[in-house]
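Here's the structure, in structure tokens; my notes come after.
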Amino acid sequence: MAFGFGAGSPDSGMAEAEPLMIPPAIKLTSRDDMCDERGGITFIILIAILVLYLATRYHILISGSVPLKNVTSPLYDHDKPKQSTFRRFMLTLEKIFVLPFVPSELDSFVMWMFMWFIAITIPMAVTRYYESRWAHDLITLQGPLNLISYYVFGCGSLDLTAIPYSEVVEEAPPRFPPPPKSDKWGRIDYFFCYHLGIGIMWLIVGFIQIYKAKAGGWSLFHKTNWKAHRVFGRVAILIVCAHIFMMAIMTRENPVNQHPIILFGYGGMILRALSNVRQGVKYARLTAKSNGDEKSCYKKKHEMYMFFVYARTTVGSGTIRVAAWALWFVGQFLSPETRVLVDRGACQTYAEQGIGDATDCWKPVYINLMFTDLNVLWMELLFVAMENNMKDLAACNRKLMEAEKKKKRAALEQQVIIIVPSILLVLADPHIERWLESSSLPYFLVLVLENLAEFSAFLWWFIVHYSDDLRDFLHEHVHDPIDRTYTNTAKGVFKSLYLLHPEEGDVEHVKEE
């Protein structure tokens with residue numbers, strides 16, 4: 001692949017720009033690269049901060065100097081004497097990356113998520129307003145490291161633009177209808193404005209709803225608090241449905257020309273979000289219709305699924321940006337040929353179609369989404385481990401969290417087993433293609449080898465998203481009679497808006513329905 005492509009786009013209305021050359025890799029042994037000119041020392045600063053933090057948290061965990069009351073039932077049995085090599089590896093991962101980070105309360109966990117996500121999302125709107133372009137800027141993530149590099153070590157800094165989505169867009173986005181497909185940059189402006197606006201709205205509303213879902217959250221009076229949660233819950237459901245609908249429109253319209261494999265993955269993410277919304281609404285209704293331990297169990301299921309909704313539908317605000325930053329950071333030290341396979345920002349800057357176009361950039365986008373999904377799974381693991389510490393749970397609640405723990409453990413093991421071969425196949429794909437050009441293999445073998453990366457991506461998406469949703473759907477609708485009235489996801493969600501947390505006097509009316 002050549003890396004001297006022009007950055008101008010025939011659809012942008014701009015003159016053809018001079019060819020952009022991708023910068024060479026930062027060399028750890030070069031003073032110019034690490035300090036004087038390019039600020040590679042920020043990588044050393046970041047690694048030192050992460051290692052120090054992880055070491056501190058891990059020391060607290062194993063020494064018991066600060067008892068971890070947050071966790072009483074981890075994912076794996078750490079006391080079992082004989083375990084397989086793979087299971088011991090998973091135990092180590094859990095000890096280092098999961099257990100030290102388990103929060104004490106859900107409201108504090110969501111608060112930190114919200115503050116982190118909003119801080120790294122707002123710069124996108126600021127960039128569009130002041131620079132008239134769409135880009136993922138790293139002011140919040142990379143900016144502090146650049147300041148340390150400059151003021152503490154007297155070195156240079158790295159560029160704060162990680163992923164450009166468009167060139168300069170002069171006109172304001174139209175409201176309705178969207179521009180025609182021939183107006184590429186206008187469509188990007190139109191869809192990104194609505195997607196970002198509704199996404200930030202859901203980020204705020206979802207945080208408020210989860211944070212206030214506690215005793216004394218809305219009011220010190222139980223009944224008033226319960227009514228406020230019910231009313232605001234309707235607003236939250238409408239906004240998250242609007243957000244998911246906008247995600248579906250973005251996937252269908254595809255303004256940045258994503259590869260069909262990426263669109264297939266986005267479809268799986270949308271289905272997972274809808275499934276979790278449906279489950280959350282269903283168990284909210286069942287909570288209102290039940291009493292005693294059964295009510296407690298349904299309430300916990302409602303809380304769990306709505307947290308999963310929040311974690312999975314805010315990926316565009318948080319986890320996908322963190323994953324993109326990490327891959328961008330690593331890409332600075334890789335050769336240009338490898339960097340465009342890892343860093344989607346480099347690919348979408350130097351690709352043949354021009355800045356922002358993702359036609360030939362499915363590989364770095366796929367790797368970015370893999371690590372994004374792993375990050376979301378990590379947050380779900382923290383939730384499951386956190387809930388296991390509650391000793392006053394009813395028996396059905398303990399059974400619920402134990403079952404969910406097994407599901408998340410299986411999902412984590414799937415990720416660990418699949419993610420490494422998938423990345424290796426994607427990175428090896430250009431080398432395989434060059435080798436096949438000079439080989440004399442039968443056509444069938446050439447066809448298979450040429451599409452190994454695509455097949456691995458399809459397999460990962462299917463296993464991680466579609467297979468779980470399909471299995472859950474079949475299990476519920478075959479074995480759980482309660483779910484049979486919720487076959488239609490959209491109908492189940494919107495029909496439940498009126499009945500979401502109904503008044504206690506309305507319970508009999510609900511049962512009659």
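When a residue number appears, it is its place in the shown sequence, counting from 1.
No donor-acceptor pair under 3.5 Å is formed between the side chain of Ser149 and the backbone N or O of Leu145. The closest donor-acceptor contact from the side chain of Ser275 to the backbone of Leu271 lies at 3.5 Å or more, if one exists at all. For the pair Asn146 (side chain) and Leu158 (backbone), a donor-acceptor distance under 3.5 Å is present. No side-chain donor-acceptor contact under 3.5 Å links Thr251 to the backbone of Leu263. For the pair Thr42 (side chain) and Gly39 (backbone), a donor-acceptor distance under 3.5 Å is present. Side-chain atoms of Gln332 come within 3.5 Å of backbone N or O of Trp328 as a donor-acceptor pair. For the pair Trp378 (side chain) and Phe97 (backbone), a donor-acceptor distance under 3.5 Å is present. Judged by distance alone, the side chain of Asp33 and the main-chain N or O of Thr29 form no donor-acceptor pair under 3.5 Å. A side-chain donor-acceptor contact under 3.5 Å links Arg339 to the backbone of Gly331. Panel note: side chain His243, backbone Thr313; a donor-acceptor pair is recorded below 3.5 Å.
Between Arg87 and Glu413 there is a salt bridge, since at least one side-chain N of the basic residue sits less than 4.0 Å from a carboxylate O of the acidic one. Salt bridge Arg128/Asp189: present, at least one basic N to carboxylate O contact under 4.0 Å.
The closest side-chain heavy-atom distance from Thr319 to Leu374 is not below 4.5 Å. Using a 4.5 Å heavy-atom cutoff, the side chains of Leu427 and Val342 are in contact. Contact annotation: the side chain of Arg38 never approaches that of Asp32 to less than 4.5 Å [non-hydrogen atoms, C-beta and beyond]. Annotation: side chain of Leu274 is in contact with side chain of Ile270 (closest heavy-atom distance under 4.5 Å). Residues Leu341 and Pro430 have side chains in contact (heavy-atom distance under 4.5 Å, counting atoms from C-beta outward). Between Leu28 and Met34 there is a side-chain heavy-atom pair separated by less than 4.5 Å. Taking 4.5 Å as the limit, some side-chain heavy atom of Asp373 sits within range of a side-chain heavy atom of Arg312. Side-chain contact check for Phe153 versus Ile45: some heavy-atom pair is nearer than 4.5 Å.
Leu412 contributes atom CG, which lies 15.0 Å from atom NZ of Lys407 (distance to the nearest 0.5 angstrom). Put simply, CD on Gln348 and CG on Asp360 are 11.0 Å apart, with the number rounded to the nearest 0.5 Å. Here CE of Met247 is found 12.0 Å from CD1 of Ile249. Values are rounded to the nearest 0.5 Å. Rounded to the nearest 0.5 Å, atoms CG (Leu425) and CG (Asn451) are 12.0 Å apart. Atoms CG and CZ, from Asp137 and Arg321 in turn, are 9.5 Å apart once rounded to the nearest 0.5 Å. The CZ atom of Arg133 lies 10.5 Å from the CE atom of Met124; values are rounded to the nearest 0.5 Å.
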Are Ile418 and Leu459 close enough, and set up right, to give a side chain to side chain contact (heavy atoms under 4.5 Å, CB included), and what steps lead you there? CA-CA 9 Å; Ile418 296 174; Leu459 185 64; 5.8 Å; no
Does the side chain to side chain contact (heavy atoms under 4.5 Å, CB included) test come out yes or no for Trp134 and Val256, once each step is laid out? CA-CA 11 Å; Trp134 290 104; Val256 296; over 6 Å; no
Hey, mind stepping through Lys363 and Tyr366 against side chain to side chain contact (heavy atoms under 4.5 Å, CB included) and telling me if it holds? CA-CA 5 Å; Lys363 294 182 180 72; Tyr366 166 62; 5.7 Å; no
Before giving the answer on side chain to side chain contact (heavy atoms under 4.5 Å, CB included), spell out for Leu147 and Tyr151 the whole-Å C-alpha distance, their side-chain angles and the decisive distance to 0.1 Å. CA-CA 6 Å; Leu147 291 176; Tyr151 287 104; 3.8 Å; yes
I'd like to know whether Ser317 forms a side chain to side chain donor-acceptor pair (under 3.5 Å) with Thr314, so could you lay out the CA-CA distance, the side-chain angles of the two residues, the decisive distance to 0.1 Å, and finally the verdict. CA-CA 5 Å; Ser317 297; Thr314 56; over 6 Å; no
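Pairing each heavy atom of Cys35 with each of Gly154, the nearest pair is SG-O, 4.3 Å. Residues Asp429 and Glu450 approach most closely at OD1-O, 3.7 Å, considering heavy atoms. Here the shortest heavy-atom pairing between Pro164 and Ala135 reads CA-CB, 4.1 Å. Ala457 and Ile261 get closest at one heavy-atom pair: CB-CG2, 3.7 Å. Phe371 and Ala323 make their closest contact through CB-CB, 4.1 Å (heavy atoms, listed as atom of the first residue, atom of the second, distance). Of all heavy-atom pairs between Ala125 and Leu196, the closest is CB-CD2, 3.8 Å.
Counting non-hydrogen atoms of other residues, nucleotides and ligands closer than 6.0 Å to CZ of Phe245 gives a total of 12 or fewer.
Side chains of Asn254 and Gln258: no donor on one and acceptor on the other come within 3.5 Å.
Under the ring-ring contact (aromatic ring centres under 6.0 Å, His included) rule, Tyr310 has a single partner from Phe207, Tyr211, Phe114, Trp202, which is Trp202. Residue Phe109 forms a ring-ring contact (aromatic ring centres under 6.0 Å, His included) with just one option from Phe101, Phe383, Phe307, and that option is Phe307.
Phe264 has its ring centre no less than 6.0 Å from the ring centre of Trp461.
Ring-plane geometry between Phe329 and Phe333 is classed as parallel, the angle between the planes falling under 30 degrees on a 0 to 90 degree scale with a further cut at 60. Under the 30°/60° scheme for interplanar angles, the aromatic rings of Phe462 and Phe458 are found to lie parallel.
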